[in-house]
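In what follows, a structure is listed as structure tokens, so that the remarks can point back to it.
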Amino acid sequence: MMNFTNVVCSEVAFGYKGLQIQLFYTAGNLSTLFKVKYSSKVTETFDCVEPDDVEGKIREIVPAGFTCNTDDFISLLEKEANFKPFGTLLHTYTVHSEEAGELTYQIHKADITCPGFQEYHERLQTFLMWFIETASFIDADDDRWDFFLVFEKYNKDGETLYATVGYMTVYNYYVYPDKTRPRVSQMLILPPFQGEGHGAQLLEAVHRFYCSLPKVQDITAEDPSENYVKLRDYVLVKLCQGLPSFAVDKLPLGFSADMIKEAQDKLKINKKHARRVYEILRLRATDMSDKEKAREYRLEVKKRLFGPYRKNQRELTKMRKCLRPEELVSHMGQMDTQTQHEELEKSYQVVVEDYRRIIERLATQA
């Protein structure tokens, strides 16, 4: 059983003393127990302000079907043995735990037509609201959504049970004339399972699934966070490092058309992402204690990073033709050459530090 207590306590609620908002989910089916507790509550308006409707706010998020009765919830717990993962099994893997030994996990692909899945997803997506600040619900009725679910498979009292670990939603966009572009929309690994490699397992399984579909153009993500970009870099490097065009002897020759084509054709990786893969693999293959090799690598990465600054310079050239002198001065101040060089060096150092962490992680997983 998963117990998430006081999940909205970072918000300020007026009119209560000792307020506790309790949400309990069963591990597999995510059947929900919802309780609001407090030691006292303002019974009259205070300066024309009524106590916040805390319960009403939570009810807007938690779908119908939850219980407020502990005994009813316990009876739902007893039915957990009947829960089975939705959809098609894509991948099984194990994670070693010092306490429990080898733990087994499964990744399934589902869609909204799976019996019972729509109601399950309505409960599942509430976790976004508890753990991701800017999250919002999706229109799951659209049949272009794919859902990928991670479950822990375990035995208890002779029965096989499943616990929800995390999930990802992917929307299949149309690409003219006959392709699709899957775009990752949401991804969440629940807190008890974070830091165990499930995110990488999920993203790699999803990537391999779409790679097997000829109609897929490439795979992207909607407004990815920094952490997601780092995870994607790790997974894509892991996938690309065995491709002939990314061989160690090819890396010093620069980012090539062969790399772009092979990454696109075999792994559905677009040019932008393939470029980052190349930079990471080249860093791993470069002796940075050799000043000349280190310089060549630095210039190669900065050449890409300089792109936005080059764009600014083109915009400045256009501005010279249409802005008044006093307006032009203000824009030129924003594009000072010395500042550009300093910012470029800072960006380079941040990028290399991120790349080194990915290389270290690859080494530990080898």
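Quick caveat, the model's predicted, so the values are computed rather than measured.
- Distance check: Leu243 CG to Met259 CE gives 10.0 Å after rounding to the nearest 0.5 Å.
- A salt bridge (charged side-chain N to carboxylate O under 4.0 Å, His left out) check over residues 155-169, counting only residues at least two apart or in different chains, returns nothing.
- Under the side chain to side chain contact (heavy atoms under 4.5 Å, CB included) criterion, Pro63 pairs with Glu122, Arg123, Thr126, sequence neighbours left out.
- Among pairs with a residue in residues 62-81, none fulfils salt bridge (charged side-chain N to carboxylate O under 4.0 Å, His left out), at least two apart in sequence or across chains.
- With sequence neighbours left out, the side chain to side chain contact (heavy atoms under 4.5 Å, CB included) criterion links Ala200 to Leu231, Tyr234, Val235, Arg361.
- Between Phe209 and Phe148, the gap from one ring centroid to the other is short of 6.0 Å.
- Ile260 contributes atom CD1, which lies 12.5 Å from atom CD1 of Ile269 (distance to the nearest 0.5 angstrom).
- Neither Val206 nor Val229 shares a network with the other; the hydrophobic side chains, linked directly or stepwise wherever heavy atoms of I, L, V, M, F, W or Y lie under 4.5 Å apart, form separate groups for each.
- Counting only residues at least two apart or on different chains, the salt bridge (charged side-chain N to carboxylate O under 4.0 Å, His left out) pairs with a member in residues 91-120 are Lys109-Asp146.
- Distance check: Asp143 CG to Ile112 CD1 gives 10.5 Å after rounding to the nearest 0.5 Å.
- Connection of Ile132 to Ile61 is established within a shared hydrophobic cluster, with ILVMFWY side chains joined at heavy-atom distances below 4.5 Å, either directly or through further cluster members.
- To the nearest 0.5 Å, the span separating CD on Glu300 from OH on Tyr278 amounts to 3.5 Å.
- Applying the side chain to side chain donor-acceptor pair (under 3.5 Å) criterion to Tyr228, with sequence neighbours excluded, gives no partner residue.
- For the residue pair Glu345 and Gln349, a side-chain donor N or O sits within less than 3.5 Å of a side-chain acceptor on the partner.
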### Test log, rule side chain to side chain contact (heavy atoms under 4.5 Å, CB included), inputs Asp354 and Glu226
CA-CA 10 Å; Asp354 287 343; Glu226 286 187 19; over 6 Å; no
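- Contact of the Gln118 side chain with the His121 side chain is not registered, since no non-hydrogen atoms from C-beta on lie closer than 4.5 Å.
- For the atom pair CZ (Arg232) and CG (Leu203), the distance works out to 8.5 Å, reported to the nearest 0.5 Å.
- Tyr105 and Gln201 share no donor-acceptor pair across their side chains, judged by distance under 3.5 Å alone.
- Taken to the nearest 0.5 Å, the CZ atom of Phe24 stands 7.5 Å off from the CZ atom of Phe73.
- A ring-ring contact (aromatic ring centres under 6.0 Å, His included) with Phe147 is found for one member of Phe117, Tyr167, Tyr171 and no other, namely Phe117.
- With no hydrogens or angles considered, no side-chain donor-acceptor pair links Tyr25 and Thr164 at under 3.5 Å.
- Looking at Asn270 and Gln217, their side chains never bring a donor and an acceptor atom within 3.5 Å of each other.
- Between Phe246 and Val237 the shortest side-chain heavy-atom distance does not fall below 4.5 Å.
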### Task
Decide yes or no on side chain to side chain contact (heavy atoms under 4.5 Å, CB included) for Phe127 and Leu30, but give the supporting numbers first.
CA-CA 10 Å; Phe127 288 112; Leu30 303 182; 3.9 Å; yes
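- Applying the side chain to side chain contact (heavy atoms under 4.5 Å, CB included) test to Lys35 and every residue at least two apart in sequence or in another chain returns Gln22, Leu33, Lys37, Thr70.
- Scored by the side chain to side chain contact (heavy atoms under 4.5 Å, CB included) test, Ala100 finds Ser97, Leu103 as partners (sequence neighbours excluded).
- Asp142 is linked by a salt bridge (charged side-chain N to carboxylate O under 4.0 Å, His left out) to Arg144, counting only residues two or more places apart in sequence or in another chain.
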### Task
Go through the steps to decide whether Glu279 and Arg275 satisfy the test salt bridge (charged side-chain N to carboxylate O under 4.0 Å, His left out), and finish with yes or no.
CA-CA 6 Å; Glu279 290 177 1; Arg275 169 74 196 205; 2.9 Å; yes
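- Residue Tyr174 belongs to a hydrophobic cluster whose other members are Tyr176, with links defined by side-chain heavy atoms closer than 4.5 Å.
- Applying the salt bridge (charged side-chain N to carboxylate O under 4.0 Å, His left out) definition to pairs two or more places apart or across chains, those involving residues 203-223 are Arg181-Asp218, Glu204-Arg208, Glu204-Lys238.
- For Gln106, the side chain to side chain donor-acceptor pair (under 3.5 Å) criterion is met by His108, not counting sequence neighbours.
- Not one N or O on the side chain of Thr180 forms a donor-acceptor pair closer than 3.5 Å with the backbone of Asn172.
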